Amino acid sequence: AGLEPGPPARPHGRPLQPPRPAELLLLLSCPAFRGHFSYLFGGEEAEQWRFANATPDDEVSEEEEEDQLRALGWFALLRVRPEPKEVEERGPVLAVAPLGDVPKGAPLLACGSPFGAFCPDIFLNTLSRGVLSNSAGPLLLTDARCLPGTEGGGVFTSRPSAALVALVAAPLCWKAREWVGLTLLCAAAPLLSVARAALRGLHPDTAALATLLPPEMGAPWGLPLRYRDPGPPWVAAAVLVECGSVWGSGVVVAPGLVVTCRHVAPRETARVLVRSTTPKSAVIWGHVVFATQETSPYDIAVVSLEEDLDGVPIPVPAEHFHEGEAVSVVGFGVFGQACGPSVTSGILSAVVQVDDTPVMLQTTCAVHGGSSGGPLFSACSGDLLGIVASNTRDNNTGATYPHLNFSIPITVLQPALQQYSQTGDLGGFRQLDHASVPVRVVWRLQRPPAEALRSKL
Amino acid sequence: MGRQWGPAMRAAEQAGCVVSASRAGQPEAGSWSCSGVILNRRPGLVLCHGGIFTPFLRAGSGALTAASASFLPGDSCGDDLRLHVQWGPTAASPAGRAERGRPGLCTPQC
């Protein structure tokens with residue numbers, strides 16, 4: 001069938017404005033971003049981290065990688081040359097969120113063009129969604145997945161209204177050769193402050209441009225901290241757990257009780273240090289009152305604190321699980337003690353049942369080493385769904401998949417937690433050491449044994 | 001995407017652009033490109049990533065590591081730097097309107 005006669009076929013994709021010549025006004029960076037970057041990714045950590053656009057195995061010359069690393073926290077202010085007789089509409093004024101106004105866990109929208117100018121007809125302004133995973137001053141992390149070429153792209157929030165929060169600094173992060181699945185951002189507000197100051201100081205004819213840079217949002221953004229969106233309350237229930245040289249995450253399930261993983265706090269009676277970060281930093285000693293046996297498929301340990309953790313909202317344990325629901329993991333993976341817990345978002349991708357009882361939860365959140373023992377929450381209800389136990393590594397290729405991970409349903413633990421809280425009896429926990437064979441098979445990621453073949457004799 | 005995202009998506013797509021840098025007279029020598037944000041359309045002020053300028057820095061990438069430096073003037077790059085910015089149709093721009101104004105365009109299945 002012939003095509004209807006029509007306008008000359010456009011190159012695929014959306015009609016674009018032709019490329020416009022521009023001039024470089026400034027190169028600019030945020031010294032605080034670079035300071036936090038050095039603290040979090042420098043020093044002895046440096047050799048673990050790669051921000052190259054290529055995978056760790058790709059050949060990127062050392063000099064090229066050095067250049068990329070040096071330029072990682074730098075941005076540029078350009079002026080597009082006006083076209084003669086052009087009547088460019090001013091367009092909507094871009095709003096900019098003040099630094100620190102977007103809480104951890106808040107949803108974010110990234111907009112960049114994968115592979116840059118390689119094929120803008122197809123890739124221009126591609127969207128990606130995630131949450132603010134962590135922040136250290138103007139250095140922000142999101143789990144919105146971005147690709148090479150999106151560096152410099154804008155990252156926006158939708159609450160209380162659309163505003164520019166940050167620009168993409170490094171779309172790909174690798175730690176110890178594992179893809180981390182997080183994107184490094186630099187907050188926009190401090191960058192624009194540097195630009196304003198530089199424009200005013202550089203040249204009389206550029207000083208006027210300083211007034212044309214978008215302003216930071218006033219109220220409600222400018223509300224005092226106590227009125228600003230504090231973000232999801234459940235983030236505060238995640239704690240850092242240190243047992244000797246091993247550290248991991250944990251979740252407060254009662255004012256004096258923390259659940260973590262056995263591989264974080266393996267021995268009963270071992271002394272454990274628990275650090276909470278919100279509403280205020282607190283460091284409390286505790287000891288392991290229960291840890292499952294190595295043979296148990298449930299990788300769980302329970303820590304009793306020497307004093308109660310005040311002000312930490314105790315999460316509500318979920319009673320049901322809904323595959324596909326929006327979930328969040330809160331854990332100290334990636335940065336550990338260097339800054340507070342990270343929040344990553346995804347969906348509940350599978351609920352594995354044995355005899356109609358949920359025994360394993362799988363999610364698409366980005367989970368990294370150090371997040372074990374951390375809480376899995378329903379992003380809708382804020383209920384505690386489970387305890388993160390592991391992510392996935394392909395032993396053949398050595399590749400790790402942070403976005404496929406396994407959690408122990410809280411319904412497996414809740415009866416024992418209730419019994420212990422009421423009577424101090426560990427009997428309920430001891431049951432976890434006697435999980436049935438089908439449950440063991442599930443957690444060994446094996447196929448359940450087919451019905452035992454009967455002899456014909 | 002949920003309704004809550006409407007304004008953020010519009011803001012993102014209005015502001016989104018792509019920036020490419022190349023050498024005068026040597027466009028075939030390849031270009032470097034990245035994404036950017038249009039801060040103001042008149043005059044066109046754009047913020048993009050600085051990584052694409054490293055090859056053009058007169059003093060090399062070492063200039064970026066000066067501890068206290070928070071900015072470098074535009075003439076830190078050589079005169080052979082050529083920059084281009086490209087963005088999509090905007091609600092305001094005539095091109096976008098012309099496209100939007102042509103009813104009946106369709107993509108018949110063959």
Side-chain angles (χ1 to χ4, degrees), chain A residues 1 3-4 6 14-17 19-29 31 67-68 70-71 74-80 82 88-92 94 109 111-113 116-117 120 124-125 127 149-154 156-158 161-162 164 167-168 191 194 198 202 209 212-214, chain B residues 1 4-5 7-16 18-20 31 33-51 53-54 61-62 64-65 68-74 76-77 81-90 92-93 95-96 99 105-106 108 110:
Chain A
L3 288 171
E4 281 180 7
R14 287 164 276 185
L16 296 180
Q17 305 290 328
R20 303 277 293 277
E23 64 175 306
L24 174 64
L25 294 175
L26 284 176
L27 285 170
L28 55 136
S29 96
D67 281 354
Q68 277 183 11
R70 286 174 171 167
W74 281 82
F75 295 84
L77 182 66
L78 318 180
R79 173 166 47 187
V80 178
E88 178 65 53
E89 309 259 336
R90 175 174 292 281
L94 191 64
L109 181 76
C111 178
S113 305
L124 182 79
N125 292 350
L127 300 174
T150 58
E151 299 87 345
F156 297 79
T157 183
S158 66
S161 59
L164 177 67
L167 278 82
V168 174
L191 275 177
V194 169
L202 260 186
L209 293 177
L212 297 174
L213 293 176
Chain B
M1 274 201 188
Q4 71 164 7
W5 287 101
M9 281 175 59
R10 270 193 300 281
E13 294 188 334
Q14 291 277 1
V18 73
V19 179
S20 50
S31 73
S33 62
C34 67
S35 301
V37 177
I38 301 170
L39 300 173
N40 189 308
R41 283 188 178 277
R42 198 178 56 193
L45 291 179
V46 170
L47 196 55
C48 73
H49 197 266
F53 298 91
T54 311
S61 65
L64 303 177
T65 53
S68 58
S70 63
F71 73 89
L72 296 171
S76 307
C77 288
L81 168 62
R82 291 295 174 270
L83 285 174
H84 285 89
V85 178
Q86 191 167 23
W87 56 85
T90 59
S93 73
E99 283 309 305
L105 265 189
C106 64
C110 298

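Model, not experiment: these values are computed from the prediction. Here is the naming used below: chain letters follow the sequence lines, and residue numbers restart at 1 for every chain. We use all heavy atoms of the structure for the numbers below, so side chains are in, but hydrogens, waters and symmetry mates are not.
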Worksheet item: How about B:Leu47 and A:Leu28: do any of their side-chain heavy atoms sit closer than 4.5 Å?
Response: yes
Worksheet entry | Top contributor to chain B contacts, counting heavy-atom pairs under 4.5 Å, from A:Leu167, A:Leu77, A:Leu78 | A:Leu78
Worksheet item: Is the closest side-chain heavy-atom distance between A:Pro214 and A:Leu164 below 4.5 Å?
Response: no
Worksheet item: Is there side-chain contact between B:Leu83 and B:Ser20, with heavy atoms separated by less than 4.5 Å?
Response: no
Worksheet item: Is it the backbone or the side chain of A:Leu25 that comes under 4.5 Å from a heavy atom of chain B, or both, or neither?
Response: both
Worksheet item: Does some side-chain heavy atom of B:Ser61 sit less than 4.5 Å from a side-chain heavy atom of A:Trp74?
Response: no
Discussion item. When you measure from the side chain of A:Thr150 to the backbone of A:Ser113, do you find a donor-acceptor pair of N or O atoms at a distance under 3.5 Å?
Written reply: no
Item to complete: Could you check which of B:Val37, B:Val46, B:Leu81, B:Thr54 has the highest count of heavy-atom pairs closer than 4.5 Å to chain A?
Response: B:Val46
Worksheet entry | A:Leu26 versus chain B, the contacting section by heavy-atom distance below 4.5 Å | both
Item to complete: Could you tell me which portion of B:Ala15 (side chain, backbone, both or neither) has an atom closer than 4.5 angstrom to a non-hydrogen atom of chain A?
Response: side chain
